[in-house]
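Scroll down for the structure; my scribbles are underneath it.
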Amino acid sequence: GSIIGYRTVGRRSGERHVALVRIPASNLADGELTHIDRIPVNIELADQQWDNYCAALDAEGWETIEVPAAPEMADSVFIEDTVVMFGELAVITNPGAESRNAETVGTEQAVRELGGLAIERISAPGTLDGGDVLKVGKTVYVGRSLRTNAEGIRQLRALLAPHGYTVVAVPLTKALHLKTSVTALPDGTVIGWAPFVDHPELFDRFLAMPEEAGAAVVVLSPDTVLMSASAPRSAALIADLGYRVVTVDISEFEKLEGCVTCLSVRVR
Ligand code: CIR
């Protein structure tokens, strides 16, 4: 059928699908926490879950490339916050948490080594975390969060305007990052955990998920999404809409307010 056709075309085109990842730091358990209490993190299990996450991407045709390890930066595994990709343009962020700010150095190095990408930067006093940026076609929703400020949004808007993107700022008070509260299906429907969404009316189509972790999907192909194993009812709901759902257990990262999106950056 057409679903299989899509995947075959993808492979035939010989396009290289790359995702950046970063191995968990040895002090992962000390990561920042904003909205939840600290629960002990099982480091060994976290390493295993990270391996499985990378293997799942690989199995779905995304070659994983490791950004140089930052063993002393507790939150560095959450690489999504350090760079946002817009086709040929990579925007290196300026993470809003002091403890995370230097994470961008290794990411920028890796992006440079990938080659073929124009590199721009968000700079002080602007702050922006990649977890606050949700792309839906040519619309770029950006969470105005504890981590992303007005100046960061202004800079991103100015960088993207020449590329034909519209930046839509989204007030966010109930979750750490925009993508903790909403992401989007391949068809552009914004899905989310309603208690975390201040303004569902900002989205063209909004579909509420039955679980908190169900708010986050990673689009792997036009017919496949990656989700956390801690949102089985949301996964079933999305499968029932005609999508293939691949699940991974990321419990140890969820204890640190990480979700399925933040452990990689898909270069696209
Ligand atoms: C932090 O507070 O920055 C980390 N503990 C979690 C970051 C998760 N990133 C994301 O959702 N994009």
Side-chain angles (χ1 to χ4, degrees), residues 19-43 46 49-50 53 57 67 70-85 91-104 106-107 122 127-135 140-149 152-153 156 170 172-184 190-193 196-197 209 211-219 225-228 230-231 248 250-266:
L20 297 176
V21 293
R22 200 170 204 175
I23 197 168
S26 31
N27 59 349
L28 170 72
D30 301 332
E32 296 276 346
L33 286 177
T34 307
H35 293 279
I36 59 177
D37 292 329
R38 199 167 292 280
I39 312 171
V41 171
N42 180 337
I43 298 293
Q49 291 178 343
W50 185 77
Y53 179 94
L57 287 181
V67 169
E72 73 298 349
M73 296 183 201
D75 281 312
S76 53
V77 70
F78 302 117
I79 185 173
E80 170 187 67
D81 293 319
T82 59
V83 62
V84 192
M85 298 291 177
V91 177
I92 306 292
T93 68
N94 189 29
E98 189 58 44
S99 69
R100 301 199 55 190
N101 202 254
E103 289 178 24
T104 54
T107 303
I122 302 297
T127 63
L128 185 126
D129 276 19
D132 278 319
V133 181
L134 173 66
K135 292 169 280 178
V140 180
Y141 295 101
V142 183
R144 167 64 184 94
S145 68
L146 284 174
R147 300 285 176 81
T148 296
N149 65 17
I153 297 174
L156 188 68
V170 180
L172 187 82
T173 61
K174 297 167 183 164
L176 178 63
H177 286 124
L178 178 66
K179 279 188 282 189
T180 326
S181 65
V182 292
T183 56
V190 172
I191 62 164
W193 174 238
F196 286 172
V197 182
M209 288 293 123
E211 296 140 322
E212 183 182 320
V217 297
V218 172
V219 173
V225 298
L226 181 71
M227 292 185 77
S228 163
S230 52
V248 283
I250 53 161
S251 63
E252 300 317 290
F253 302 104
E254 287 169 342
K255 292 175 181 175
L256 295 162
E257 288 184 73
C259 53
V260 80
T261 64
C262 57
L263 294 171
S264 64
V265 174
R266 283 71 56 200

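Order of appearance sets the numbers: ligands from 1, and atoms from 1 within every ligand.
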Could you tell me if the side chain of Thr104 sits less than 4.5 Å from the side chain of Asn94, heavy atoms only? no
With a 4.5 Å cut-off on side-chain heavy atoms, are Tyr53 and Val260 touching? yes
Judged by modelled atom types alone, do Ser230 and Glu211 share a side-chain donor-acceptor pair under 3.5 Å? no
For residues Glu103 and Thr82, is any side-chain donor paired with an opposing acceptor at under 3.5 Å? no
The answer, listing residues by chain and number that come under 4.0 Å of ligand 1 through any heavy atom, is Glu32, Asp75, Phe78, Glu80, Asp81, Arg100, Gly131, Arg147, Leu176, His177, Leu256, Glu257, Gly258, Cys259, Cys262
Once you round to the nearest 0.5 Å, how far does CG of Leu178 lie from CG of Asp129? 11.5 Å
Neighbour count above 12 (heavy atom, 6.0 Å) for Ile43 CD1: yes
